[in-house]
Amino acid sequence: QVQLVESGGGLVQAGGSLRLSCAASGRTSSIYDMGWFRQAPGKEREFVAAIRWRGSNTHYADSVKGRFTISKDNAKNTVYLQMNGLKPEDTAVYYCAGDRSTKIVSDPDYWGQGTQVAVSS
């Protein structure tokens with residue numbers, strides 16, 4: 001089993017930046033991909049970004065391309081989401097996720113508890 005703990009959320013003005021962190025523990029050797037999702041009030045949870053745990057491949061939702069960057073530090077078992085140029089529509093609870101195969105976008109095996117990001121206009 002893998003445990004994921006997010007941190008770094010908060011309130012920021014439009015145009016500002018935040019960096020989210022996700023620390024993984026437990027059987028991290030089982031992880032294939034890591035990613036970030038978000039859920040805004042009244043909306044379904046949606047995919048944001050993913051990264052290959054032992055590699056460098058990344059994948060982004062169109063809505064965040066060019067503004068958000070996913071990265072990782074394998075030595076620290078941590079994944080990051082650098083969010084620049086934040087917009088009010090980025091307001092959501094952001095969840096870290098991990099998967100043991102290639103279904104990170106559709107059905108991750110592991111989830112964090114979420115961290116709130118609020119962007120004021």
Worksheet item: Quick one: does Y32's side chain get under 4.5 Å of T102's, heavy atoms only?
Response: yes

Worksheet item: Is there a side-chain contact between V2 and S30, using heavy atoms and a 4.5 Å cut-off?
Response: yes

Discussion item. Taking the basic N atoms (NZ, or NE/NH1/NH2) and the acidic carboxylate oxygens, is any pair closer than 4.0 Å for R100 and D33?
Written reply: no

Discussion item. I'd like to check Q116 versus T91 (side-chain heavy atoms, cut-off strictly below 4.5 Å). Are they in contact?
Written reply: yes

Worksheet entry | Minimum heavy-atom distance P88-A14, with the two atoms named | CD-CB, 4.2 Å

Practice prompt. Can you establish whether the number of heavy atoms outside K76 located under 6.0 Å from its atom NZ is more than 12?
Written response: no

Worksheet item: CG/L20 to CZ/F68 distance, rounded to the nearest 0.5 angstrom?
Response: 8.0 Å

Item to complete: Check whether L86 and Y95 end up in the same hydrophobic cluster, where Ile, Leu, Val, Met, Phe, Trp and Tyr are linked by side-chain heavy atoms less than 4.5 Å apart.
Response: no

Discussion item. Is there a side-chain contact between D90 and R67 in this structure, where contact means two heavy atoms from C-beta onward sitting under 4.5 Å apart?
Written reply: yes

Practice prompt. State which residues pass ring pair (Phe, Tyr, Trp, His ring centres under 6.0 Å) with F47; sequence neighbours excluded, sorted by chain then number.
Written response: F37, H59

Worksheet item: Less than 4.5 Å apart, any side-chain heavy atom of Q82 and any of L18?
Response: no

Worksheet item: Is it true that a side-chain atom of K72 and a backbone atom of W53 form a donor plus acceptor pair closer than 3.5 Å?
Response: yes

Item to complete: Using only heavy-atom distances, determine whether the side chains of Y94 and R38 contain a donor-acceptor pair under 3.5 Å.
Response: yes

Worksheet entry | Under 3.5 Å side-chain donor-acceptor pair for D73 and T78 | no

Discussion item. For a quick test of reading the model, state the closest non-hydrogen atom pair linking Y60 to A49 and the distance between them.
Written reply: CD2-CB, 3.6 Å

Fill in: Note: D62-K65 ion pair, threshold 4.0 Å (strictly below)
yes

Fill in: Donor-acceptor contact present, side-chain D99 to main-chain D109, <3.5 Å
yes

Worksheet item: How long is the span from the CD atom in E89 to the OG atom in S121, to the nearest 0.5 Å?
Response: 10.0 Å

Item to complete: Provide the full list of disulfide (SG to SG under 2.5 Å) pairs with a residue in residues 65-109, sequence neighbours left out, each pair given once.
Response: C22-C96

Practice prompt. State, with a plain yes or no, whether a side-chain heavy atom of V79 is found less than 4.5 Å away from one of I70.
Written response: yes

Worksheet entry | Spacing of R27 atom CZ and Q3 atom CD [to the nearest 0.5 Å] | 11.5 Å

Worksheet item: Roughly how far apart are E46 CD and S63 OG, rounded to 0.5 Å?
Response: 5.5 Å

Worksheet item: With a 4.5 Å limit on heavy-atom distance, are the side chains of V48 and L81 in contact?
Response: yes

Worksheet entry | Single-linkage hydrophobic cluster V105~W111, side-chain heavy atoms < 4.5 angstrom | yes

Discussion item. With heavy-atom distances below 4.5 Å as the criterion, would you say the side chains of E6 and Q113 are in contact?
Written reply: yes

Item to complete: Quick one: pull up CD1 in I104 and CZ in R52 and give me the separation to the nearest 0.5 Å.
Response: 10.0 Å

